[in-house]
Structures are given as structure tokens and as C-alpha cells.
Amino acid sequence: MISVLDKNFTQLNTFIQQLNPTQLLILVDENTHEFCLPILLGNLETEIPFEIIEIEAGEEMKTLETAAQLWEIMTEFNTDRKALMINLGGGVITDMGGFVASTYKRGIKFINIPTTLLGMCDASIGGKTGIDHQYLKNIIGTFAESEAIFVFPEFLQTLPFAQLRSGFAEMLKHGLIADKKHWQELKNLPELQPENIFPFIETSMKIKENVVQQDFREENIRKTLNFGHTIGHAVESLFLRNNMPILHGDAVALGMICETQLSFLQNLISAAETEEIISGIQKFFPILSIAHFNDNEIMALMRNDKKNAAGMINFSLLRSIGKCDFDVSVLPENIVSAIDFYENLG
């Protein structure tokens, strides 16, 4: 259930009243504690006891160590199975909070209130929770649906530009894999400003929600949501390993350029659409310098991707703008060519 909140958070208050949990646990990071928690608490109308749990911001916090600390805190709070966790934050908070909630005492209920564009349009939707381990993205996790997602677009006004752009990558992806009109509307935006993006958020969320509803456990069509992520996650992991973390959306933009070129090399998509997509992404995203990573490092990380089977690296690749194939096995030399193509764009 996705609800766009009014200024009084009426939908959230009604939901909590009807659920009537024994306790509320509000998970935040230091940024959402400062900028978003006061808005939430100012509109929360409940007598149910609540606790605030804060973690540091950043992808580096998505670890087993952080999860263990959260489980210990919940135990100290005497949290029972009828408690409700409220994940107030971006993708790291919704991934981490969902994972911790879904595993504590075999699972307590949780809701997501995403505060970043990435959280709204991607991480909060679809029931995937996860943490990183040994620099492998989301290698440990669960399928666990939130009870609801509540969106307050005004939170985006508190967001640094880089974070706004990061979430925009996933919106572009939704258009590329499922909705040509959505892609074209986003591609034609004059600049990335919250007020320009507001009108398209709900459409983007519903594209992902529709795909997930068809295939919750990612056995077929849901794999199309991974377009741009096979190469993107590998590069993101390498930056993390080198203590130079980059934003997820920047990695996905890189991955979408590489995997669009890969789609072309596999004779799936036309040269004209390839050019349109790559130039459309470049309009908003700078080319990252990845020359210091060698192709073997990137390939090794891709072989650990969760979507692979029988030793093959599987991709979701574009057949045209708005149409995506999944479980596409590709020639290794084409992967290297696509990565080299990206490096030469810089």
C-alpha cells in the first residue's frame, strides 16, 4: 500500500490507530533525525510508547555489525512481536530496518517512510531487505513486505542535490524498462529540482509496484528491475572496497550506460535508441573515472551477483525503450567492450 501523506499525516495516524501496536520503534540516521524526525513527531498523534533508534548515515552502515547492534537495542527495549518499526530514511534505512525487523523474533511488522528520492522510487518498494557483506551489495537479506509505504514529497526539499540525482537514476530506469512515455518526460526535464520531479514520483513508484506484484520473489519479470545494476553494483562495490563510496544512483547510471551499450552489442536494441538513452543519461550524470579498476576485478564481482545461475553472468537488457528482457547470457568480450566504451566517454 502506497499513500501520499497530507500535511497532517492523517493516513499514517489512521494506520497506526488501526494496527494498534504495542510499541513504535523509529529508525533514523543522523540526517533524518535532524531534518525529518521533527516533522514526523510533530504530526504523530498516538499514545503508543515509542523509541528513537539512530545509526550513522551511509552505505558503510549496512553491515552485520549494525544489524547486531539494532537487535541488541530492541532486546533492551523489550520489543515484542506486536511492535511496529518505522523506517524513516533513505535506501540504507529501509534496507537495514526491513532486514532487522523481518529477522527479529522471526519478524515484526514495519512500515517505510522514505525521505530520499531513491527511497521513494526504489528501495522502499518491493519487500527486498538487505545488508552488505565483504563489500558485496545486499548479499544477505530477506523478502519481507512492509505493511505500508507513506510518502511525504516535501522531505525532498531537505535533500542535497547529489542525493536527489541518485534517486533520479532509478526513475529513469523505470521508464527505460517499462514505460517509454515516462522516460521521455524525465529525459526532457530542464533541470533536477524537487518541484520538477514531484509530478512523476507516483508514476515511478507504481511502475515498480506493478512489476513486483507480478513476481514478488524475482523468478522472472522482476529481474528487469535489475537493469543497470549488474555492472553498476560491481563498480559500486569496488569504490566501497577502496574506501571511496559513491552514491547508488551514480553507480546505476554508469551501469545503465554500460548495459545499454551491451544491449546494442548483443543486437537487441537499435543504434538510434542506444544513442538516445546514453545521451539522455549523460544529460544528468557525469562520467565517473573507473580507469583505476581493471576489467577482471569488475568481472569477478559480477560473478557473485545474486541473479546468476550455473556459472553464467545473467543480465537484464533492453530490447527497446520501455521493453526489457531478463536472464540474458552475454559474451564476456561484450561485457569488457561495454565497460571500455564507458571509460572512453570520459
Side-chain angles (χ1 to χ4, degrees), residues 1-29 31-55 57 82-102 107-129 144-159 163-164 167 170-171 174 194-195 197-210 212-213 216:
M1 179 186 80
I2 297 173
S3 294
V4 178
L5 290 167
D6 62 23
K7 61 183 177 61
N8 299 316
F9 285 32
T10 306
Q11 303 94 322
L12 175 64
N13 285 314
T14 300
F15 173 85
I16 292 174
Q17 182 181 10
Q18 291 173 346
L19 186 66
N20 194 30
T22 53
Q23 181 187 44
L24 301 176
L25 300 170
I26 305 175
L27 181 65
V28 296
D29 65 24
N31 295 324
T32 54
H33 194 159
E34 179 179 355
F35 296 109
C36 304
L37 183 61
I39 297 171
L40 172 62
L41 294 182
N43 289 290
L44 200 59
E45 298 175 0
T46 182
E47 306 261 318
I48 297 167
F50 66 87
E51 302 284 354
I52 310 298
I53 306 175
E54 179 183 338
I55 64 173
K82 292 189 177 179
L84 176 70
M85 178 168 279
I86 300 176
N87 298 319
L88 180 69
V92 171
I93 289 291
T94 58
D95 280 358
M96 170 65 74
F99 174 70
V100 168
S102 68
I108 66 170
K109 292 178 178 178
F110 65 96
I111 61 172
N112 292 327
I113 306 179
T115 59
T116 66
L117 190 59
L118 181 67
M120 291 175 188
C121 293
D122 184 52
S124 68
I125 308 167
K128 274 188 180 180
T129 78
E145 281 198 278
S146 64
E147 299 299 311
I149 302 162
F150 295 98
V151 179
F152 190 57
E154 284 81 355
F155 280 146
L156 296 186
Q157 300 287 3
T158 69
L159 207 58
Q163 291 281 355
L164 191 74
E170 295 287 356
M171 295 180 72
H174 291 155
E195 55 272 19
I197 296 171
F198 282 165
F200 304 104
I201 291 174
E202 194 167 1
T203 298
S204 198
M205 293 180 75
K206 286 183 175 176
I207 290 171
K208 177 166 184 180
E209 184 181 43
N210 178 55
V212 169
Q213 285 174 346
F216 180 65

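Sequential numbering from 1 along the given sequence is applied to the chain's residues. Computed from heavy atoms alone, side chains included, the values below leave out hydrogens, waters and symmetry copies. Predicted model, so just to flag it, every value in this text is computed and none were measured.
Within 6.0 Å of the CD atom in E54, the count of heavy atoms belonging to other residues, nucleotides or ligands exceeds 12. Around atom CD of Q11, more than 12 heavy atoms belonging to other residues, nucleotides or ligands sit under 6.0 Å away.
The side-chain heavy atoms of L44 and I16, taken from C-beta on, include a pair separated by under 4.5 Å. Under the 4.5 Å side-chain criterion, counting only non-hydrogen atoms from C-beta, F9 is in contact with L40. A heavy-atom distance below 4.5 Å is not found between the side chains of V4 and I201. With contacts defined as side-chain heavy-atom distances shorter than 4.5 Å, the pair L159/P194 does not qualify. Side-chain contact check for F155 versus T32: every heavy-atom pair is 4.5 Å or farther apart. For the pair I149/E209, no side-chain contact is recorded, criterion being any heavy-atom separation below 4.5 Å from C-beta on. A heavy-atom distance below 4.5 Å is not found between the side chains of V92 and D29.
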**OP:** Show your reasoning for whether side chain to side chain contact (heavy atoms under 4.5 Å, CB included) applies to L41 and I26.
**Re:** CA-CA 10 Å; L41 294 182; I26 305 175; 4.0 Å; yes
**OP:** Test side chain to side chain contact (heavy atoms under 4.5 Å, CB included) on F15 and L84 and set out the steps.
**Re:** CA-CA 11 Å; F15 173 85; L84 176 70; 4.3 Å; yes
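To the nearest 0.5 angstrom, I207 atom CD1 is 12.0 Å from E170 atom CD. In this structure, CD in E202 is found 8.0 Å from CE in M205, a value given to the nearest 0.5 Å. Note: N20 CG to E47 CD = 11.5 Å, rounded to the nearest 0.5 Å. Atom-to-atom distance recorded for L37:CG and L27:CG is 11.0 Å, nearest 0.5 angstrom. The line from CD of Q213 to NZ of K206 is 10.5 Å long, rounded to the nearest 0.5 Å. Distance check: I197 CD1 to L156 CG gives 7.5 Å after rounding to the nearest 0.5 Å.
No side-chain donor from either of N13 and T10 sits under 3.5 Å from a side-chain acceptor of the other.
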N/O donor-acceptor pairs under 3.5 Å from side chains in residues 108-125, not counting sequence neighbours:
unit_1: N112; atom_1: OD1; unit_2: N87; atom_2: ND2; d: 3.0
unit_1: N112; atom_1: ND2; unit_2: S124; atom_2: O; d: 3.2
unit_1: T116; atom_1: OG1; unit_2: G119; atom_2: N; d: 2.9
unit_1: D122; atom_1: OD1; unit_2: K208; atom_2: NZ; d: 3.0
unit_1: S124; atom_1: OG; unit_2: G119; atom_2: O; d: 2.7

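For the residue pair P153 and F198, the shortest heavy atom distance occurs at O-CE2, 3.3 Å. Considering all non-hydrogen atoms of both residues, T129 and S102 come closest at OG1-OG, 4.1 Å. Pairing each heavy atom of E195 with each of P199, the nearest pair is O-CD, 3.5 Å. The two residues G89 and T94 come nearest to each other via the heavy atoms O-CG2, 4.1 Å.
Residue pairs that meet the side chain to side chain donor-acceptor pair (under 3.5 Å) test with at least one member in residues 146-158, sequence neighbours left out, do not exist here.
Side chain of H33 to backbone of V28: no donor-acceptor contact under 3.5 angstrom is found.
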